[in-house]
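Here's the structure we're looking at; comments come further down.
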Amino acid sequence: LAKHHSVDAILSVGGGSVLDSAKAIAAGAHYNGDVWDLFAGKGELSSALPLFAILTLAATGSEMNPYAVVTNEETHEKLSIGNDYTR
């Protein structure tokens, strides 16, 4: 949806899981393949949309690091991404 609607930025409102999902969306919006490729090491993250966060619970530390941990419900894999573009 972010690609389709050409959004300018991502706003995350919630806790760490919401912020990690927002980081994945921000990264995937600039990637020309399936965003899961970035998590599986099949693609390279070279940019991301700007990301803003309103934290409702600061417990995971996701707001302080570039990493995002996401679960692929289809494959039951839990993988991470992270670099300066998702900081």
Side-chain angles (χ1 to χ4, degrees):
L1 288 172
K3 284 182 191 179
H4 178 75
H5 293 287
S6 301
V7 300
D8 295 324
I10 303 296
L11 174 63
S12 168
V13 181
S17 294
V18 173
L19 182 51
D20 284 0
S21 295
K23 288 178 183 181
I25 293 167
H30 282 188
Y31 182 67
N32 287 327
D34 184 334
V35 70
W36 191 251
D37 291 349
L38 301 173
F39 287 87
K42 297 177 183 175
E44 185 175 329
L45 180 59
S46 59
S47 66
L49 287 173
L51 177 64
F52 301 92
I54 298 173
L55 298 173
T56 58
L57 177 65
T60 66
S62 187
E63 71 279 4
M64 300 299 291
N65 66 58
Y67 303 104
V69 178
V70 177
T71 300
N72 184 324
E73 298 293 334
E74 293 177 9
T75 63
H76 304 288
E77 295 174 285
K78 187 173 185 177
L79 300 175
S80 65
I81 58 170
N83 67 22
D84 286 337
Y85 298 110
T86 52
R87 181 172 301 280

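Everything numeric in this text was worked out from a predicted model, so none of it was measured. In this chain, numbering begins with 1 at the start of the sequence shown.
The side-chain hydrogen bond (donor to acceptor under 3.5 Å, both in side chains) contacts involving residues 49-60 comprise nothing, where partners must be two or more places apart or lie in separate chains.
Closest heavy-atom contact between Lys23 and Ser62: NZ-O, 2.8 Å. Summarising the geometry of Phe39 relative to Val70, their closest heavy-atom pair is CZ-CG2, 3.6 Å, with the distance given to 0.1 Å.
In terms of the side-chain contact (heavy atoms from CB on, under 4.5 Å) criterion, residue partners of Thr75 (sequence neighbours excluded) are, by chain and number, Asn72, Glu77. Considering only residues two or more places apart in sequence or on other chains, Ser12 meets the side chain to side chain donor-acceptor pair (under 3.5 Å) condition with none of them. Annotation: side chain to side chain donor-acceptor pair (under 3.5 Å) contacts of Ser47 (sequence neighbours excluded): His30. Residues satisfying the side-chain contact (heavy atoms from CB on, under 4.5 Å) criterion with Leu45, sequence neighbours excluded, are Ala27, Leu38, Asn83, Tyr85, Thr86.
Rounding to the nearest 0.5 Å gives a distance of 9.0 Å between CG of Leu57 and CD of Glu63. Rounding to the nearest 0.5 angstrom, the gap separating the CE atom in Met64 from the CZ atom in Arg87 is 9.5 Å.
The 12-atom threshold is not exceeded at NE2 of His4, counting heavy atoms of other residues, nucleotides or ligands nearer than 6.0 Å. Around atom OH of Tyr31, more than 12 heavy atoms belonging to other residues, nucleotides or ligands sit under 6.0 Å away.
Other members of the cluster containing Ile25 are Val7, Ile10, Leu19, Leu49, Leu51, Leu55, with ILVMFWY side chains joined at under 4.5 Å, either directly or via other members.
The backbone N or O of Val69 lies less than 3.5 Å from no partner atom in the side chain of Lys78, so there is not a single donor-acceptor pair.
The same ILVMFWY cluster, assembled from side-chain heavy atoms under 4.5 Å apart, contains both Ile81 and Leu79.
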